Amino acid sequence: LADAPTLELPTDHPRPAELTFHGAHQSLTLPRKLSGALSELSQREGATLYMVLLAAFKVLLQRYTGQEDLVVGSPIANRTRSELEDLIGFFVNNLVMRTDMSGNPSFRELLSRVREGALGAYDHQELPFEGLVEELQVERDLSRNPLFQVTFALQNAPGTVREFSGLLVSPFSAGFETTRFDLEVHVWEAEEALRVDFIYSTDLFDAGTIQRMLGHYARLLEEVVADPQRRLSQLPLLSEAERAQVVSGWNEGASYEKGACLHARFEAQVERTPDAVAVVCDGDRLSYAELNRRANRVAHRLRALGVVPDQLVGLRLERSVGLVVGILGVLKSGGAYLPLDPATPKERMAFMLADSGVELVVTETGLAAEFEDLAVTSVLMDAPLPVDEANPEPVSTADDLAYVIYTSGSTGTPKGALITHANVTRLFAATEAWFGFEQRDVWTLFHSCAFDFSVWELWGALLHGGRLVVVPYLVSRAPEAFRALLVSEGVTVLNQTPSAFRQLMAADQSQTPADFALRYVIFGGEALDLQSLRPWLARYGDEGPRLINMYGITETTVHVTYRPIRRADLDARRGSVIGRPLPDLQVYLLDTHGEPAPIGVPGELYVGGAGVARGYLNRPELTAARFVADPFSGEAGARLYRSGDRARRLANGELEFLGRLDDQVKLRGHRIELGEVEAALGRQPAVREAVVLVREDAPGDQRLVGYVVAEQGSDESDDALTAQLR
């Protein structure tokens with residue numbers, strides 16, 4: 001039992017610091033035919049019925065938790081001597097049954113492992129459980145039972161009622177209103193059938209969850225009897241109706257016309273509202289017509305330099321109205337833009353330019369020196385441009401690239417996601433019914449153009465005739481100044497990462513309530529803790545701006561799900577609820593073998609539909625690994641994106657985000673592969689070993705921290721290493 005793991009069953013409610021022992025129970029009687037078949041199976045395999053039932057239960061636990069090292073407790077009568085049979089007293093002891101589930105064995109092989117473990121436990125059944133806990137020096141935790149949190153027992157004591165002269169005797173159930181464990185399972189042998197009781201902690205589980213779990217256990221027993229030679233991954237948990245529900249019941253499958261490219265739709269908006277203000281920044285203001293004319297001049301220069309559809313053009317510009325001009329100019333030329341944020345270190349920028357094969361970069365005089373030793377041609381926004389201000393002849397289609405955004409790579413190599421015009425335009429068609437964006441809306445361009453949240457901000461404003469307020473970099477880092485900007489500009493649509501919004505909330509709480517014009521506050525980029533919104537909702541309530549949580553991925557075009565948030569959500573004991581998928585996207589939660597996870601059970605989140613990117617730039621092997629064939633679609637060539645995120649589906653169909661399957665983290669909206677930072681540290685001559693993690697020493701204050709083991713004899717300082725990492 002060395003290093004015995006804790007069983008992490010998915011619960012409906014967060015585990016309290018101290019369990020109350022409040023419990024309830026549900027029962028299921030197995031058909032006599034199935035009960036008999038289980039007894040026959042145990043006899044054929046040289047095992048007891050208890051061992052067969054326990055092995056099947058461990059399959060259930062493995063499928064619910066994903067763990068391959070499982071520990072379950074089991075009570076035993078502990079009357080191993082004949083002289084104890086008639087002695088009054090409580091001799092029951094608890095045994096600890098540990099089973100290795102690894103390697104995807106057949107059920108028959110698993111039964112052999114369970115049998116071996118049980119026999120070993122029986123050999124030591126007289127060792128008191130309390131003595132075992134003391135010997136192992138188990139760390140005590142008031143929220144959990146030591147060593148095991150789930151128990152399993154086969155109750156086979158005689159259940160017949162004795163008759164007495166002149167006395168009528170009948171069984172009486174005392175009920176189950178308490179439990180010492182997360183879950184107790186008791187299987188009763190009675191009248192040639194088996195009854196299964198699940199007694200559960202109501203601190204942790206809802207009745208519906210236990211009912212489903214009982215059904216899944218019964219289904220596993222049926223499948224085990226039918227073919228014990230099948231591997232564990234081949235034993236289905238779900239009924240046909242359940243499978244249909246989790247696969248397609250909450251995926252609408254809507255579709256929207258691809259239509260025109262982004263810049264063509266913008267040009268149509270220019271025709272409708274030429275004099276409306278399109279973009280403002282630090283006192284500069286451009287109307288739709290003027291923005292269009294300036295973008296056209298950039299486009300004609302790029303077209304003259306030979307830009308064609310799907311060609312990438314670098315974009316390194318400070319936050320200003322010129323940034324919006326540059327993006328539009330690249331798209332109008334027929335090309336796609338590669339954002340190179342000025343905050344990006346030159347070395348990383350050089351890698352992206354070389355990896356993407358970019359030959360042209362739209363920039364400005366103040367940044368042009370960065371490209372002098374790189375094999376690229378700079379197109380200066382603040383230099384004389386062609387005088388032609390007419391819309392260039394269109395050459396792109398909706399299936400051509402609009403942009404490539406590089407994301408962090410687990411091997412230390414970033415990768416560029418290929419996003420088309422059609423990926424973006426359908427995003428606004430799919431969300432139109434929820435938001436109803438219009439000309440009176442004022443948006444902020446708060447985020448870097450190298451972060452895909454900016455795509456939503458930019459086109460949310462320009463495709464609907466709204467006004468885009470480009471937030472200067474220093475203002476974006478000063479919550480008080482940003483709050484004042486929201487009020488002075490009358491911003492109606494605010495998009496924020498939860499960490500950025502926490503800073504805005506803190507600035508807001510220190511002042512009198514603001515007269516915001518906000519209609520929506522839309523969260524994205526990282527997990528949202530609903531409880532963190534309590535100060536805002538206490539101040540502005542449900543009558544203030546609508547709060548919307550939208551989970552998203554760069555590779556599936558900004559947003560995947562939608563979930564409105566109201567004050568009542570704070571009372572529900574939930575994690576980061578991300579809602580339901582957009583109508584034209586499909587979300588599946590699959591286990592490690594690609595099978596749909598039951599309701600309430602974590603799985604890896606896969607996304608299909610019209611938002612899925614082409615793949616990764618110049619990375620065919622990685623594209624094949626992450627963009628996989630869609631087994632649930634009847635459409636030829638349909639693909640799913642493997643997100644690497646863990647989530648589960650709640651009973652009402654909503655999705656709850658649970659974190660990552662790997663070491664990737666989200667920090668202040670940035671998607672960071674810890675392995676990439678570790679690789680960068682490891683390349684330093686002074687470093688022998690390195691590990692990187694996220695620390696949160698104070699609530700809400702997360703930091704990326706690296707630990708290094710220096711090479712022998714090295715005297716490199718921490719400051720020097722930090723400078724090299726930058």
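Only a predicted model underlies this, so the values are computations on that prediction, with no experimental measurement involved.
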Taking the six-membered ring for Trp and the full ring for Phe, Tyr or His, determine whether the centres of [X] and [Y] are under 6.0 Å apart.
{"X": "Tyr641", "Y": "Tyr606", "result": "no"}
{"X": "Phe446", "Y": "Phe453", "result": "no"}
{"X": "Phe428", "Y": "Trp456", "result": "yes"}
{"X": "Trp536", "Y": "Phe516", "result": "yes"}

Inspect the contact between [Y] and [X] and indicate whether a charged nitrogen and a carboxylate oxygen are less than 4.0 angstrom apart.
{"X": "Glu489", "Y": "Arg467", "answer": "yes"}
{"X": "Arg580", "Y": "Glu654", "answer": "no"}
{"X": "Arg639", "Y": "Asp630", "answer": "no"}
{"X": "Arg348", "Y": "Glu676", "answer": "yes"}
{"X": "Arg614", "Y": "Asp310", "answer": "yes"}

Is there side-chain contact between [X] and [Y], with heavy atoms separated by less than 4.5 Å?
{"X": "Thr623", "Y": "Pro620", "value": "no"}
{"X": "Thr557", "Y": "Asp452", "value": "no"}
{"X": "Asp341", "Y": "Phe451", "value": "no"}
{"X": "Tyr551", "Y": "Tyr562", "value": "no"}
{"X": "Pro414", "Y": "Phe351", "value": "yes"}
{"X": "Leu367", "Y": "Pro342", "value": "yes"}
{"X": "Tyr616", "Y": "Glu555", "value": "yes"}

Quick one, Val607 with Gln586, criterion side-chain contact (heavy atoms from CB on, under 4.5 Å). Give me CA distance, side-chain angles, the key distance, then yes/no.
CA-CA 6 Å; Val607 181; Gln586 296 83 50; over 6 Å; no

Check ring-ring contact (aromatic ring centres under 6.0 Å, His included) between His263 and all other residues, then give those that pass, not counting sequence neighbours.
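Residues passing ring-ring contact (aromatic ring centres under 6.0 Å, His included) with His263: His421.
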
Is the closest side-chain donor-acceptor distance between [X] and [Y] under 3.5 Å?
{"X": "Asp382", "Y": "Thr365", "result": "yes"}
{"X": "Thr420", "Y": "Asp399", "result": "no"}
{"X": "Lys332", "Y": "Asn292", "result": "yes"}
{"X": "Gln439", "Y": "His464", "result": "no"}

How close do Val470 and Cys281 get, counting heavy atoms only, and between which atoms?
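Scanning both residues completely, I find the closest heavy atoms to be O-SG, 3.4 Å.
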
Where is the tightest heavy-atom contact between Ile548 and Pro564, given as atom of each residue plus distance?
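Result for this residue pair: CD1-CA, 3.8 Å.
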
Report the C-alpha separation of Val493 and Leu518 in whole Å, then their side-chain angles, then the decisive distance to 0.1 Å, and conclude whether the side-chain contact (heavy atoms from CB on, under 4.5 Å) test is met.
CA-CA 6 Å; Val493 182; Leu518 289 170; over 6 Å; no

With rounding to the nearest 0.5 Å, note down the distance linking CG in Leu323 to CG in Leu315.
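One gets 6.0 Å once the value is rounded to the nearest 0.5 Å.
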
To the nearest 0.5 angstrom, please state how far the OH atom of Tyr288 sits from the CG atom of Leu462.
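CG of Leu462 is found 5.0 Å from OH of Tyr288.
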
Assess whether side-chain contact (heavy atoms from CB on, under 4.5 Å) is satisfied between Leu340 and Thr344, documenting all intermediate values.
CA-CA 7 Å; Leu340 305 167; Thr344 302; 5.9 Å; no

